[in-house]
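Notes follow once the structure below has been shown.
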Amino acid sequence: MKTANKIIGYACLAAMLAGAAACERSKKLEESAEKAVAEATAKVQVKIATAERQNVEQLVEFTGTVMANVRNSISSAGATRIDKIKVEVGDNVKKGQTLVDMEPSNYLQAAAQLENLKVEYDRAKALYQSGGISKQQLDQLKTQLEVSTTVTQNLKENTRLVSPVSGVITARNFDNGDVVGSAPILVVEQLNPLKVRINVSEEYFARVKTGMKVDITFEVYPDKIFRGNVSLVYPTIDAMTRTFTVEISIPNEQMLIRPGMFARVNLNLGTMPRTIIPDIAVQKQQGTNDRFTFVIKDGVAQRRPLVLGRRLNDKVEVLSGVSSNEQVVVAGATRLVDKTEVEVVK
């Protein structure tokens, strides 16, 4: 009888323990559910900063290719044989220096014909004075003489081809003895100064002036900054690209720069009022170079794509995406998506 009572007692105790455990599990589940609901409905806490408006120096970078300041093609006026080319590629030449001697046979023939015309004209002039020929006949001979003089002088000039500028020979296309027409025999380029052409956005048209100082850098000289100035501003804007062309003149006394080099030109276009935000407010879209930020409006986070300008210490210039006096998130942005409700904390 006692054994049966013990069994019943143990059974009752087990039932009581099981019931207590079930109650405890139920309570924990209820608390977890309440916590999940609370977390789901809780607002994300963020810290914010106000976008400011201030004047920012407009240091704008443009790219271009270095060009010779002057480029001359040296060629003959007609089909003539080359007698001797006196320079080679890479030679420095002076203005007026003879570069090529051409075969003079055409010039000599023309010069002989010119002398005959001069004799005929002198005879005709005497006959006209004595009444032997008419004024019309004399004028015809005079015209022939003038034409022959011009042709002969041109042929004479083309027996000695000279350099029109001081520069460097950058191309030689023929050899001694070749017969050439109008194709260039040599190319002379003036390498001091040089120039770079850049295309500038039309928004800066009123700000770019002739004589402005610029900084130029080259990848081949990463630690050097070269100084130049705006030498020419084209007067029209390309309707397709909405840009205008600017020429930059670069001194090159040390001959470190060469035509064809890739150049980066930095123009200081004065100051313009821009929106400024802290750089920690800028987020990067994973896998892209796109930048964005979150703007708080009426307690809701709005995701805004950004177009950025210059970095200014711990702040950044915003070209579009945020207006001045708007509030941007500087802490807590990792938990945000577009239209998330937030709680602003200090």
Inset, instruction - State plainly whether one hydrophobic cluster holds both V282 and I48, where clusters connect Ile, Leu, Val, Met, Phe, Trp and Tyr through side-chain heavy atoms under 4.5 angstrom apart. - result: no
Legend entry - Path from V316 to V56 over hydrophobic side-chain contacts below 4.5 Å: no
Legend entry - Residues that, via side-chain heavy atoms closer than 4.5 angstrom, fall in one hydrophobic cluster with L117: L114, Y121, L127, Y128, I133, L138, L141, L145
Inset, instruction - Run through the side-chain heavy atoms of Ile, Leu, Val, Met, Phe, Trp and Tyr, join any pair under 4.5 Å, and report what else lands in L59's cluster. - result: none
Inset, instruction - Hey, could you give me each pair passing salt bridge (Lys or Arg N to Asp or Glu O under 4.0 Å) that has a residue in residues 165-177? Not counting sequence neighbours. - result: E88-R172, R172-D175
Legend entry - Pairs flagged by side-chain hydrogen bond (donor to acceptor under 3.5 Å, both in side chains) wherever residues 278-287 is involved - sequence neighbours left out: D279-R311, Q285-R303
Inset, instruction - Please collect all side-chain hydrogen bond (donor to acceptor under 3.5 Å, both in side chains) contacts where either partner lies in residues 203-222, sequence neighbours excluded, each pair once. - result: D215-R227
Got a sec, which residues hit salt bridge (charged side-chain N to carboxylate O under 4.0 Å, His left out) with [X], two or more places apart in sequence or on another chain?
| X | answer |
| --- | --- |
| R123 | none |
| E61 | R264 |
| E115 | K118 |

Inset, instruction - Verify the neighbour count for atom CZ of R160: are there more than 12 heavy atoms of other residues, nucleotides or ligands below 6.0 Å? - result: no
N/O donor to acceptor pairs below 3.5 angstrom from side-chain atoms of residues 319-326, sequence neighbours left out:
residue : atom : partner : partner atom : Å
E326    : OE1  : R304    : NH1          : 3.1
E326    : OE1  : S323    : N            : 2.9
E326    : OE2  : R304    : NH2          : 3.1

Legend entry - ring pair (Phe, Tyr, Trp, His ring centres under 6.0 Å) partners for F205, two or more places apart: F244
Inset, instruction - Identify, with sequence neighbours excluded, every residue that meets ring pair (Phe, Tyr, Trp, His ring centres under 6.0 Å) alongside F62. - result: none
Legend entry - All pairs passing ring pair (Phe, Tyr, Trp, His ring centres under 6.0 Å) where residues 285-344 contributes a residue, at least two apart: F292-F294
Inset, instruction - Taking R310 for its side chain and E57 for its backbone only, find out whether a donor-acceptor pair lies under 3.5 Å. - result: yes
